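Chain identifiers are assigned alphabetically (A, B, ...) following the order of the sequence lines, protein sequences preceding nucleic acid strands; residue numbering begins at 1 within each chain. Since this is a predicted model, take the numbers as computed values, not measurements. Just the heavy atoms: all of them, side chains too, but no hydrogens, waters or symmetry mates, feed the values below.
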Number of protein chains: 2
Amino acid sequence: MSKEEAIFKLIPAFRKHGYEGTSLTMLSKATGLGKASLYHYFPGGKSEMAATVFDYIGSELGKSVLKTLQGEGEPKLKIQAACESLREFYDSGRNSCFLAIMSFGEADKLFHDKVKARLELMIENLAKVLVEAGIEKEIAKIRAQDAIAQIQGALVLVRILDDTKPFERVIEGLPGRLLG
Amino acid sequence: MSKEEAIFKLIPAFRKHGYEGTSLTMLSKATGLGKASLYHYFPGGKSEMAATVFDYIGSELGKSVLKTLQGEGEPKLKIQAACESLREFYDSGRNSCFLAIMSFGEADKLFHDKVKARLELMIENLAKVLVEAGIEKEIAKIRAQDAIAQIQGALVLVRILDDTKPFERVIEGLPGRLLG
DNA sequence: GTCTATATAGGGATAGAC
DNA sequence: GTCTATCCCTATATAGAC
């Protein structure tokens, strides 16, 4: 099994159970590898697995959403395309966000800086496009933050209410709220 | 030690570490009681402790925010007062919300219905005031949901960015967005 | 690279003295 | 009501064979 394949199989486990809620036994079952084999790929154990998954997810997000935002084109179109990427990325809100997952308990202790850096990166990329669209820099940053907060909040609601509509609504309204 | 006193001391532990991240050892230290003494107050163990804390927090929220919303008076003023209660309740965003905490991993398995019911109660109460203010019922429900999502999202950002401004901003703008 | 077997620590929970 | 001592289980992690 390739390392990437292993990473791929670890994702849903961490997503569903959170960092502390995911045991090596679960990760072993999820991958089909024995515990000891997991340590072959991830000598640092569970924390390395989580960190690797986090980075992998981040690079996936970079390839879709951030790539879209950084490309050429009309800001409004780029934002619309990015929203569509976000919908896929979060599977209409059914996928929890690793930023939120990793911001609690022991995961927060281990990965706080990493998580913060990723969130700031997303905010910056989004704000940049708003500036391209003629919005003042400080306003742009605030709108970008609020947009990401809306997404995070919608993910919480979807999880609790078992209903993807709150997420769909946020995505629907996002371009308008970002561009004013 | 009274049971209420014990509950009170359990709160910050669960808030900080989440359900699975909080061990009986932590809860023992937080209360100053031995593990066995905790079982005197909570025979159901950790899950009963968490459920009791969740209900306690819910009743606190009922006494402040929901009470304000259900009282007599101008809808706009009630909403403004409720927002102020929310700011205190979440300590400007420094307190995580138990709805979010309990919506992951094992806690979700144990408490999903309880959590969902509480969230729906909050949405209904908020929507009711909007209807009083002359807003159409379906719109009111959606706005109430979105408002709570914004709060939840802001709490995530505050945690990760170590900055309460996203939360303050949401609270500031909430009455306006709710009433249109 | 994957396994079985195991080490060691900590988890939740209980018994029973006081 | 609170404690000490303990039970059993699962957790993470490692050793070493194949």
Inset, instruction - Return the value, rounded to whole Å, for the distance between atom NZ of B:Lys29 and atom P of D:dT2. - result: 19 Å

Inset, instruction - Using atom CD of A:Glu20 as one end and atom P of C:dG10 as the other, report the distance to the nearest whole Å. - result: 15 Å

Inset, instruction - Round to a whole Å and report the spacing from CD of B:Glu5 to C1' of D:dT2. - result: 14 Å

Inset, instruction - Taking only the side-chain heavy atoms of B:Ala36 (C-beta and beyond), determine which of C:dT2, C:dA13, C:dA15 contains the nearest atom. - result: C:dA15

Legend entry - Proximal nucleotide (of C:dG12, D:dC3, C:dC3) relative to the A:Leu33 side chain: C:dC3

Inset, instruction - From the options C:dT2, D:dT2, C:dG12, select the nucleotide whose nearest atom is closest to the side chain of B:Met1. - result: D:dT2

Inset, instruction - Measure up the A:Tyr19 and A:Phe14 rings against each other and bin them: parallel (under 30°), tilted (30 to 60°), perpendicular (over 60°). - result: parallel

Inset, instruction - Check whether any side-chain nitrogen or oxygen of B:Ser37 sits under 4.0 Å from OP1 or OP2 of D:dG1, and answer yes or no. - result: no

Legend entry - Nearest-Å distance for atom pair CE/C1', residues A:Met26 and D:dT10: 11 Å

Inset, instruction - Please determine which of B:Glu106, B:Lys109, B:Glu20 meets the side-chain contact (heavy atoms from CB on, under 4.5 Å) test together with A:His17. - result: B:Lys109

Inset, instruction - State which of C:dT2, D:dT12, C:dG12 makes the closest approach to the side chain of A:Tyr41. - result: C:dT2

Legend entry - Between C1' of D:dA11 and CE of A:Met49, the distance in whole Å: 12 Å

Inset, instruction - Select base, sugar-phosphate, or nothing to describe what B:Thr22 touches, counting heavy atoms under 4.0 Å on all strands. - result: sugar-phosphate

Inset, instruction - Check the distance between D:dC9's C1' and B:Glu106's CD and give it to me in whole angstrom. - result: 14 Å

Legend entry - From A:Thr52 atom OG1 to A:Ile11 atom CD1, the distance as rounded to the nearest 0.5 Å: 11.0 Å

Legend entry - Whole-Å distance separating the NZ atom of B:Lys46 from the P atom of C:dT14: 15 Å

Inset, instruction - Would you indicate what B:Ser47 reaches in the nucleic acid, counting non-hydrogen atoms under 4.0 angstrom: base, sugar-phosphate, or nothing? - result: nothing

Legend entry - D:dG1 OP1/OP2 closer than 4.0 Å to side-chain N/O of B:His40: yes

Legend entry - Under-4.0 Å side-chain N/O to phosphate OP1/OP2 contact, A:Tyr39 with D:dA13: yes

Legend entry - N or O in side chain of B:Thr25 less than 4.0 angstrom from C:dG11 OP1/OP2: yes

Legend entry - Atom pair CG/CD1 of A:Leu119 and A:Ile148 - distance to nearest 0.5 Å: 5.5 Å

Inset, instruction - Please state how far atom CG in B:Leu24 lies from atom P in C:dG12, giving the value in whole angstrom units. - result: 4 Å

Legend entry - Within 6.0 angstrom of A:Glu120 CD, more than 12 heavy atoms from elsewhere: yes

